[in-house]
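Following: one structure in structure tokens, then a few remarks.
Being a predicted model, the structure only gives us computed values, none of them experimental.
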Amino acid sequence: MMDDRYNPEKVESRWQEYWEKNHIFRASEDDSKKKYYLLEMFPYPSGKIHMGHVRNYTIGDVVARYKRMNGYNVLHPMGWDAFGMPAENAAIDNKTHPATWTYQNISTMKSQLKRMGFSYDWEREVATCKPDYYRWEQWLFIKMLEKDMVYRKESYVNWCEHCQTVLANEQVEDDSCWRCGEMVQQKKLFQWFFRITDYAEDLLIYCDKLPGWPEKVTLMQKNWIGKSTGSEISFKIETKSSKEEYIKVFTTRPDTLFGATFMCLAPEHPLVESLSKGTEQESAVAAFVDKISKQERSSSSIEKYEKEGVFVGAWCINPANGRRMPIYTANFALMEYGTGAVMSVPAHDQRDFDFAKKYNLDIVVVIQPKDRETLDPETMTAACPDSGVLVNSDKYSGMDNFEAMDKITSWLEKEGLGKKTISFRLRDWGISRQRYWGTPIPVIHCESCGVVPVSESDLPITLPEDAHLLDNGGSPLPTLDFFKKTVCPKCGRTDAKRDTDTMDTFVESSWYFVRYCSPHFSTAMFDKDAVKYWMPVDQYIGGVEHAILHLLYSRYFMRVLNTLGLIDFKEPFTNLLTQGMVLKETLKCPEHGYLFPEEAKISDGKASCTKCGKDVEIGRVIKMSKSKKNVIDPNDLLNKYGADITRLFCLFASPPEKGLEWNDDGVEGCYRFINRVWRLAATCIEMTKNSIEAINVDKNVDSNRKTFLPYSGPLSGLLDSDAKKLYAKAHQTIKKVTDDIEGSFHFNTAISAVMELVNAMYSIELNANSSDEIKSVALFCIEHIILLLSPIVPHFAEEVWELMGNKSGSITKQSWSSYREDALVTDELLVVVQINGKLRSKFSIDANSNDEVIKSMALADEIIQKHIEGKEIKKVIVVKKKLVNIVV
RNA sequence: GCCGAAGUGGUGGAAUUGGUAGACACGCUAGACUUAGGAUCUAGUACCGCGAGGUGUGGAAGUUCAAGUCUUCUCUUCGGUACCA
């Protein structure tokens, strides 16, 4: 006897235990089956899971279960992106160790994920903070070092003088240290860089070879890589000495060369110091450079700084026309882009124009756009970047500017003063972090030998766990002699020092999906055969916030492994789904500030604070975040509704790529739907059970089992019109659900389709007195409703499946429903009739009627007759079996 | 500034080789069953209008027998990026 409603508490834990005990989701390589590697972005173990995780992993789990039912050998792993700064902060705040905090969080979150019923192969769990994981990252670092894929150079970090520590960009608030409020400075340090720019072109080209990725993501990556073609041009520096010196610039507009009137160098450009030395500008330049170096460089604060510069006290010569160009150093010139020097053409570049106006520099027009009055430097109020015809450009005057780009560049090339080149916005990847909770960089610094890699046999270099975090947030590693002091592996010097920096945590997440293929492999980074079988990932699912960095770094890492001959592919993720954020309105009390949803009482669109009773301002619907308190705790949902209802709502409320607006009433609706199905199943079970004795053996009854079988034959085998309609509807539903999942993961419409079928079943009477046909068709329907829903609400489906008498085991072993083409179409069709495009009438016809019949029926229609009376029919358009439009 | 996406009932959202706009759900209204119901079931629900009918997919124009869907312009919102030479 069934309970009268679905009881998640009882049912869900039971099936979770069953799945675990029977290793239902264990994956292993099997050449006889098609593989499907389904991956969701692994979480940072920050404490407990939030709704974003719930949504992401629910989407993934449904796909995993769906693919299994479709016969795929599915790899669906989960793990932890376990290194990172929050652990350090928590450790300082709570006086614990980052490891303790991290492992505690992992354990909490793991039990939460298990409670959601996700079908992971937990035997493949990976935590990146474990030495058996990061040792292979260190190994790879050494391999990359051998191949010159990684190098050291000086680079700036955010530095807090008060705390004596490095700050990450997110720890800089308003140019100040988040911990103490001191102004943040820029400090130069030697740091490690991956040569990702070596792959810039390849990464770019393959953006167009990823048809399974959302276009917006590849577009963002393309913009991030930022390829621009142009020319490199050398400008001779005017000196008294005989030695010839040049400034190299990169420009995308060599056609404007004749209009270049001054030069701007990045403050860090080596020529800035050498050229100003000994001139009367020397001190002014030094002061300027010093000032810029103290400015914060994060993108958010850049726009606050006005464009400014200082004359360095030297000139260079424009190779095109011999003009003397003053050399400036300017804050907008970036050392990291191009050559760190800009030829400034104020007439045709807005930034240069502003600069020239400010410092009263010459403006020379060299491009005259067609259909525009003659440009005059005296009266121009803005630069003119448009294309046109060259003027004031010697023999190039009169030439179209696009043609001139090529012509001028090849002339320069002949003179040895320039060439065509390409520049990328993408920079090399700086991976050194002056942090504790990360992968130690496996190199040793020796005064005799320089930088020496740790020998492979000494790996892993484990992060010392008996370290105490410093209160100022700095890394304790440089203070730990037992870690830092070591022997040079090359010369044996005993005063060698270990690198005390750790790697950017994006490094771990750039290859974890490869490790999942053979997570316990202890003799190499991965088992080649396992990787060959599983990789690349067939479907990757995660937040769009990782559209650039994580995904680009992962693509880069696969190229590194490919170059090193470790793998034979380049792209890690064949298909990508970026799911939208989980949103909720904010609530703000004038007295208590932001409120959690449970701290406000909402009725009729008005809210009041439960603490003070004041009116609460209901704000915009925005991404759930702790700071705005517009959050829903998954634990509360699990306690109240269980996993399946939570999963169902996440999928039903909107398509995965869009935002999901959280709404408690919507969850309640899902709960109702599940119980509707539950009762329907109960009805079907009762109905057929009571029939056994009364019914004679016929085509619908299995005489051996003495029980009803679902009808699965052709539509034409049914006589009852209700049974026919329902049966067709069932097949249409199977098709719709399959298409919606297969094509676009649009679970919301798939669920709607099932709801329609359920509604259709409720609309006919089902009881012991129903006809055999109805009973048999109903049984078919309910069986497929459960199968179609099983990836979405797996516990519920297992329970009902068992109650329906399927003793053979888990529904996860069942095949996905298939539909009969011959059962999709009913013999009646609805035709709508329009007059001048406006809907006037509709009628049903036999499915086999031809256009002529439909047309005459339309014209004969009573309502239509009334409308066309006394009017001239100009034209009648018949759309096959669908519509008639009469033009009068 | 540049790039991209999206604007549809009271709400979340359906519908695009151009062919019934509003599936499904929430909310709301009425009714039934009940000692009671925030349980369940039935009916209704884009807007205006008593009605016939008219109007409706951010706004304006256009193509078409027919436009949420195609074209042009425009407004708003969201996301990415931002001194890239």
Side-chain angles (χ1 to χ4, degrees), chain A residues 4-5 214-217 219-224 226-228 230 249-253 256 260 264 266 297 299-300 302-303 305-307 330-334 336-345 348-352 354-355 423-427 544-545 547-548 580-581 583 604-605 620-623 649 652-655 657-670 672-673 675-676 679 736 746 748-756 758-759 762-763 830-842 866 874-880 882-888:
Chain A
D4 57 358
R5 53 172 50 211
E215 225 178 281
K216 78 165 179 180
V217 174
L219 187 68
M220 276 196 247
Q221 295 215 345
K222 283 185 202 172
N223 290 339
W224 187 259
K227 178 178 177 174
S228 32
V249 304
F250 171 75
T251 179
T252 53
R253 295 293 303 270
T256 63
C264 286
R297 299 181 150 243
S299 54
S300 59
I302 269 173
E303 59 191 311
Y305 300 117
E306 206 186 323
K307 289 167 194 32
N331 60 346
F332 63 79
L334 305 173
E336 304 85 25
Y337 186 75
T339 60
V342 185
M343 75 173 207
S344 295
V345 185
H348 305 288
D349 180 283
Q350 190 56 44
R351 201 186 35 199
D352 296 344
D354 296 340
F355 197 85
S423 207
F424 292 96
R425 212 189 73 111
L426 181 70
R427 314 275 157 78
V544 72
E545 63 272 24
I548 301 175
M581 295 177 293
L583 317 164
D604 292 336
R620 281 167 180 268
V621 177
I622 54 164
K623 180 183 177 175
F649 179 72
F652 181 62
S654 74
E657 71 278 4
K658 287 216 221 159
L660 167 70
E661 197 172 316
W662 195 266
N663 169 304
D664 292 332
D665 293 332
V667 186
E668 198 67 45
C670 288
R672 285 210 283 266
F673 170 66
N675 279 304
R676 256 168 92 77
R679 288 192 305 272
K736 168 86 176 143
H746 278 191
N748 56 332
T749 48
I751 294 164
S752 307
V754 179
M755 285 173 167
E756 280 187 60
V758 171
N759 290 347
Y762 266 88
S763 72
L830 187 72
V831 170
V832 299
V833 189
Q834 299 177 330
I835 293 176
N836 289 345
K838 277 184 186 154
L839 177 72
R840 293 297 177 188
S841 181
K842 36 184 130 179
K866 207 174 73 191
K874 286 187 180 161
K875 207 170 168 188
V876 178
I877 290 140
V878 180
V879 177
K880 222 178 173 178
K882 220 175 200 176
L883 173 144
V884 179
N885 190 12
I886 302 164
V887 186
V888 299

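Using a 4.0 Å heavy-atom cutoff across all strands shown, A:Lys874 reaches no nucleic acid atom at all. If you check every strand for non-hydrogen atoms under 4.0 Å, A:Gly340 touches a base. Within the nucleic acid shown, A:Val887 comes within 4.0 Å of sugar-phosphate atoms alone, with no base atom in reach, counting heavy atoms only. Base contact: A:Lys842 has a heavy atom under 4.0 Å from a base atom. Within 4.0 Å (heavy atoms only), A:Gln834 reaches at least one base atom of the nucleic acid. Nucleic acid contact class of A:Leu660 (heavy atoms, under 4.0 Å, all strands): none. Within 4.0 Å (heavy atoms only), A:Gly226 reaches no atom of the nucleic acid at all.
Within the structure, a side-chain polar atom (N or O) of A:Arg351 is placed less than 4.0 Å from OP1 or OP2 of B:rC84. Look at A:Lys838 and you'll find a side-chain N or O under 4.0 angstrom from OP1 or OP2 of B:rU55. Within the structure, a side-chain polar atom (N or O) of A:Asn748 is placed less than 4.0 Å from OP1 or OP2 of B:rA14. Under 4.0 angstrom from either OP1 or OP2 of B:rC84 there lies no side-chain N or O belonging to A:Arg253. Distances shown here put a side-chain N or O of A:Ser228 below 4.0 Å from the OP1 or OP2 atom of B:rA85. Taking side-chain N and O atoms only, A:Arg676 has a distance below 4.0 Å to OP1 or OP2 of B:rC41.
Of the possible polar contacts, one joining the A:Asn663 side chain to the A:Asp665 backbone as a donor-acceptor pair under 3.5 Å is found. Side-chain atoms of A:Ser654 come within 3.5 Å of backbone atoms of A:Gly659 as a donor-acceptor pair (strictly under, hydrogens ignored).
Nucleotides B:rU69 and B:rG19 place their C1' atoms 11 Å apart, quoted to the nearest Å. Rounded to a whole angstrom, the distance from the P atom of B:rC3 to that of B:rC47 is 41 Å. The gap from the C1' atom of B:rU42 to that of B:rC48 amounts to 29 Å, rounded to the nearest Å. B:rU34 and B:rG22: their C1' atoms are spaced 35 Å apart (whole Å). B:rG38 and B:rU57 have their P atoms separated by 38 Å, given to the nearest Å. Here the separation of B:rA61 from B:rC75, taken at their C1' atoms, is 15 Å to the nearest Å. Remark: the separation of the P atoms in B:rU76 and B:rG68 is 24 Å, to the nearest Å. Taking atom P in both B:rG49 and B:rG4, one finds a spacing of 44 Å when rounded to whole Å.
The A:Asn759 side chain lies nearest to B:rA25 when the options are B:rU55, B:rG12, B:rA25. Considering only the side chain of A:Arg5, B:rA39 comes nearest among B:rC3, B:rG80, B:rA39. Across B:rG13, B:rG12, B:rU81, the shortest atom-to-atom separation from the side chain of A:Ala653 is found for B:rG12.
Shown here, B:rG9 is classed syn by the O4'-C1'-N9-C4 or O4'-C1'-N1-C2 angle, which is within 90° of 0.
Base pairing annotation: B:rG68 forms no Watson-Crick or G-U wobble pair, as no partner gives both donor-acceptor distances under 3.5 Å. Using Watson-Crick or G-U wobble geometry with both donor-acceptor distances under 3.5 Å, B:rU40 finds its partner in B:rA32. When both distances must be under 3.5 Å, the Watson-Crick or G-U wobble mate of B:rA23 does not exist.
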A:Arg676 and A:Asn759: side-chain hydrogen bond (donor to acceptor under 3.5 Å, both in side chains), yes or no, with the steps? CA-CA 9 Å; A:Arg676 256 168 92 77; A:Asn759 290 347; 2.8 Å; yes

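A:Arg253 approaches A:Met343 most closely through the heavy-atom pair O-CE, 3.7 Å.
For a distance-only test at 3.5 Å, the side chain of A:Arg427 qualifies as a donor-acceptor partner of the base of B:rC84. For A:Lys875 and B:rC65, a side-chain-to-base donor-acceptor distance below 3.5 Å is absent, hydrogens and geometry of angles not being considered. Contact of A:Asn885 with B:rC65 (side chain to base): a donor-acceptor pair of N or O atoms is detected under 3.5 Å.
Checked against the 6.0 Å centroid criterion, the rings of A:Phe332 and A:Phe355 qualify as a close aromatic pair.
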